[in-house]
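Everything on this sheet refers to the single structure shown next.
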Amino acid sequence: MTTAPERTADLYPTRGATEVITPRQDPVVWSQPGTAGPFRPSELEDFARDGFFAIDELITADEVAVYRAELDRLVNDSRMRADDRSIVEPKSQDIRSVFEVHKISEVFAGLVADPRVVGRARQILGSDVYVHQSRINVKPGFGASGFYWHSDFETWHAEDGLPRMRTVSISIALTENHDTNGSLMIMPGSHRHFLGCAGETPRDNYKKSLQMQDAGTPSDRALTEMADRHGIRLFTGKPGSATWFDCNAMHGSGDNITPYPRSNVFIVFNSVENTAVEPFAAPVRRPEYIGARDFTPVR
C-alpha cells in the first residue's frame with residue numbers, strides 16, 4: 001500500500017457559489033497510438049469522441065452465471081446487510097449496492113484482473129491501473145430507485161481527491177438491460193467539458209448521496225443545455241455485455257418499475273500516476289471502500 005501524495009493544483013473547481021464550466025484539461029485516451037491491447041485503434045477513437053464504448057459480449061454466458069451466482073450470494077448474506085459496504089434501498093431496505101467487491105470476493109477479484117477488463121483500462125489510461133472503486137449494483141423490479149444525472153469525476157475530484165481525468169469505468173451486465181428497467185443513459189461528448197456544481201459538500205455526504213444524489217447535482221438549466229447539445233444515449237444489452245465510459249461523462253439511470261431486475265458489476269480503474277490526494281471540495285475523505293487509498297496496481 002502506498003500513501004496519498006500532497007494536494008495538487010485544482011484544475012476543475014466545483015462545489016462553489018455558482019456552477020462553473022471548465023474545458024477538459026486532460027486527454028481522454030492516454031496511451032500512444034498503436035499501443036497494443038484488446039481495443040482496436042478505431043474503437044479507441046470512438047471512445048475518445050463519445051466518452052463511452054459498448055461491447056455486445058465481453059464475457060460468456062457461462063461466466064455470467066458464475067458472477068450472477070456470486071452477486072446473489074452476497075446480496076442474500078445476512079452478514080453483508082450489516083456491513084458498511086452495503087447500501088440499502090430507502091423504501092424496501094433491500095441491498096442496492098455492495099462496495100469493494102474485488103476485496104470481499106475472490107470471484108470478482110478474478111474479473112478485475114481479467115485481461116479483457118484490466119487490459120482495456122490500461123490501454124485507455126496509458127499506464128498501470130488500480131481499482132479506485134468496485135461494486136455490484138442490484139436494481140430489483142417494482143420500484144428500485146435510479147441515480148440522477150452526474151459526472152463521476154465531479155464527485156471523485158471533490159470528495160475523493162482525484163486530481164486529473166485519468167479514470168475509466170466499466171459496467172458489465174449480469175441481467176438483461178432493457179430500455180425499460182432503469183438502464184444506463186449517457187450524453188455523448190459531454191466528457192469534453194467539466195461542470196462544476198454549486199453548493200458546499202456536507203460532512204459525511206456519502207451517507208446520503210449513495211442512496212440519493214444531492215451535493216454534486218447539476219442544475220436543470222445546465223442539464224437541459226447539455227442534453228440539447230449532446231443528446232442522450234440509452235444502453236441496453238444481454239447479460240455479458242459491457243459499457244466502458246469516461247469518468248467525466250454525464251450519465252444517470254431511471255427507476256426500475258418493471259418486473260425485470262437489472263444487476264451489474266461496476267469497476268472503476270484509476271491510473272497509478274493519478275493517485276488520490278486530499279479532497280478538493282469536501283471537509284473529509286470518503287471511506288476507503290468507496291474511494292480507495294490502496295494504489296497497488298492490478299496484476
Side-chain angles (χ1 to χ4, degrees), residues 37-40 43-44 46-47 50-75 85-87 95-125 129-141 144 146-147 152 167-179 181-186 233-247 249 251-254 256 260-270 289-290 292 298:
F39 278 125
R40 296 192 296 268
E43 293 173 337
L44 286 176
D46 290 347
F47 180 85
D50 297 330
F52 59 80
F53 188 82
I55 300 173
D56 289 337
E57 185 181 329
L58 179 72
I59 58 176
T60 67
D62 288 343
E63 291 171 312
V64 168
V66 172
Y67 296 124
R68 175 63 189 275
E70 182 69 352
L71 178 148
D72 290 342
R73 182 186 72 81
L74 290 172
V75 300
R85 291 171 290 191
S86 294
I87 310 300
I95 290 180
R96 154 187 195 140
S97 300
V98 179
F99 282 82
E100 214 172 40
V101 290
H102 70 295
K103 291 190 174 182
I104 295 172
S105 164
E106 292 184 3
V107 173
F108 285 118
L111 179 61
V112 165
D114 189 307
R116 294 169 294 181
V117 177
V118 70
R120 284 181 167 86
R122 293 188 187 115
Q123 203 175 359
I124 291 171
L125 301 181
V129 298
Y130 70 94
V131 177
H132 177 70
Q133 184 185 106
S134 71
R135 67 178 187 262
I136 47 175
N137 288 333
V138 182
K139 229 180 202 184
F147 287 92
D152 286 330
T167 315
V168 67
S169 301
I170 181 173
S171 177
I172 304 173
L174 300 183
T175 57
E176 183 93 14
N177 281 219
H178 301 282
D179 58 3
N181 67 343
S183 290
L184 176 70
M185 297 181 287
I186 297 180
R233 170 80 180 272
L234 174 68
F235 291 87
T236 60
K238 299 287 187 181
S241 62
T243 304
W244 288 92
F245 56 103
D246 179 80
C247 59
H251 66 286
S253 63
N256 181 14
Y260 309 113
R262 175 181 173 260
S263 297
N264 296 56
V265 56
F266 181 79
I267 307 162
V268 180
F269 293 100
N270 189 39
Y289 62 82
I290 301 174
V298 176

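- For the pair Arg68 and Thr175, the minimum side-chain heavy-atom distance is below 4.5 Å.
- Phe235 and Phe52 have their aromatic ring centers within a separation under 6.0 angstrom.
- The nearest pair of heavy atoms linking Ala249 to His251 is O-ND1, 2.9 Å.
- By the 4.5 Å heavy-atom criterion applied to side chains, Pro239 and Leu174 are not counted as neighbours.
- Note: Ser171 OG to Leu184 CG = 6.5 Å, rounded to the nearest 0.5 Å.
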Task: Trp244/Val168 under side chain to side chain contact (heavy atoms under 4.5 Å, CB included): CA gap, chis, key distance, verdict - done: CA-CA 7 Å; Trp244 288 92; Val168 67; 3.8 Å; yes
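- Gln133 is listed as a side-chain neighbour of Ile290, based on a closest heavy-atom distance under 4.5 Å.
- For the residue pair Ile95 and Val138, the shortest heavy atom distance occurs at O-CB, 3.9 Å.
- When Gln123, Arg122, Glu43, Arg116 are each tested for a side chain to side chain contact (heavy atoms under 4.5 Å, CB included) with Pro38, only one passes: Gln123.
- Looking at heavy atoms from C-beta onward, Glu57 lies out of side-chain contact with Ile55 at the 4.5 angstrom threshold.
- Judged by the 6.0 Å distance and 45° axis criteria, Arg85 is not positioned over the aromatic ring of Phe99.
- Here the closest non-hydrogen pair linking Asn256 and Lys139 is ND2-O, 3.1 Å.
- Between Val129 and the options Asn270, Val118, Ile124, Thr167, a side chain to side chain contact (heavy atoms under 4.5 Å, CB included) holds for only Val118.
- How far CD1 of Ile136 is from CZ of Phe108: 5.5 Å, rounded to the nearest 0.5 Å.
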Task: Val101 vs Val107, side chain to side chain contact (heavy atoms under 4.5 Å, CB included): CA-CA, chis, key distance, verdict - done: CA-CA 9 Å; Val101 290; Val107 173; over 6 Å; no
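- Within the model, atoms OG of Ser86 and CG of Leu74 stand 8.0 Å from one another, a figure rounded to the nearest 0.5 Å.
- When ring centroids are compared, Phe269 and His132 stay outside the 6.0 Å threshold.
- For the residue pair Asp179/Thr236, the side-chain donor-acceptor check at 3.5 Å is not satisfied.
- Between the side chains of Asn177 and Arg262, at least one donor-acceptor pair of N or O atoms lies under 3.5 Å.
- For Phe53 and Phe39, the ring centers are positioned less than 6.0 Å apart.
- Scanning all heavy atoms of the two residues, the minimum distance from Val131 to Ala292 falls at O-CB, 3.4 Å.
- Taking both residues in full, the closest heavy atoms of Ala173 and Asn264 are given as CA-ND2, 3.6 Å, listed atom of the first, atom of the second, then distance.
- For the pair Asn181 (side chain) and His178 (backbone), a donor-acceptor distance under 3.5 Å is present.
- Using modelled atom types, one side-chain atom of Ser241 and one backbone atom of Lys238 make a donor-acceptor pair closer than 3.5 Å.
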TODO: Begin with the C-alpha distance, continue with both residues' side-chain angles, and end with the deciding distance and a verdict on side chain to side chain contact (heavy atoms under 4.5 Å, CB included) for Ile172 and Leu58.
DONE: CA-CA 8 Å; Ile172 304 173; Leu58 179 72; 3.8 Å; yes
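- Remark: Phe266 CZ is packed, more than 12 non-hydrogen atoms of other residues, nucleotides or ligands lying under 6.0 Å away.
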TODO: Under the side chain to side chain contact (heavy atoms under 4.5 Å, CB included) rule, what do Tyr260 and Glu176 come out as? Steps first, then yes or no, please.
DONE: CA-CA 8 Å; Tyr260 309 113; Glu176 183 93 14; over 6 Å; no
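- Taking every heavy atom of both residues into account, Ser183 and Ser253 meet most closely at O-CB, 3.5 Å.
- Each of Val64, Val117, Val265 was scored for a side chain to side chain contact (heavy atoms under 4.5 Å, CB included) with Ile59, with one residue passing: Val64.
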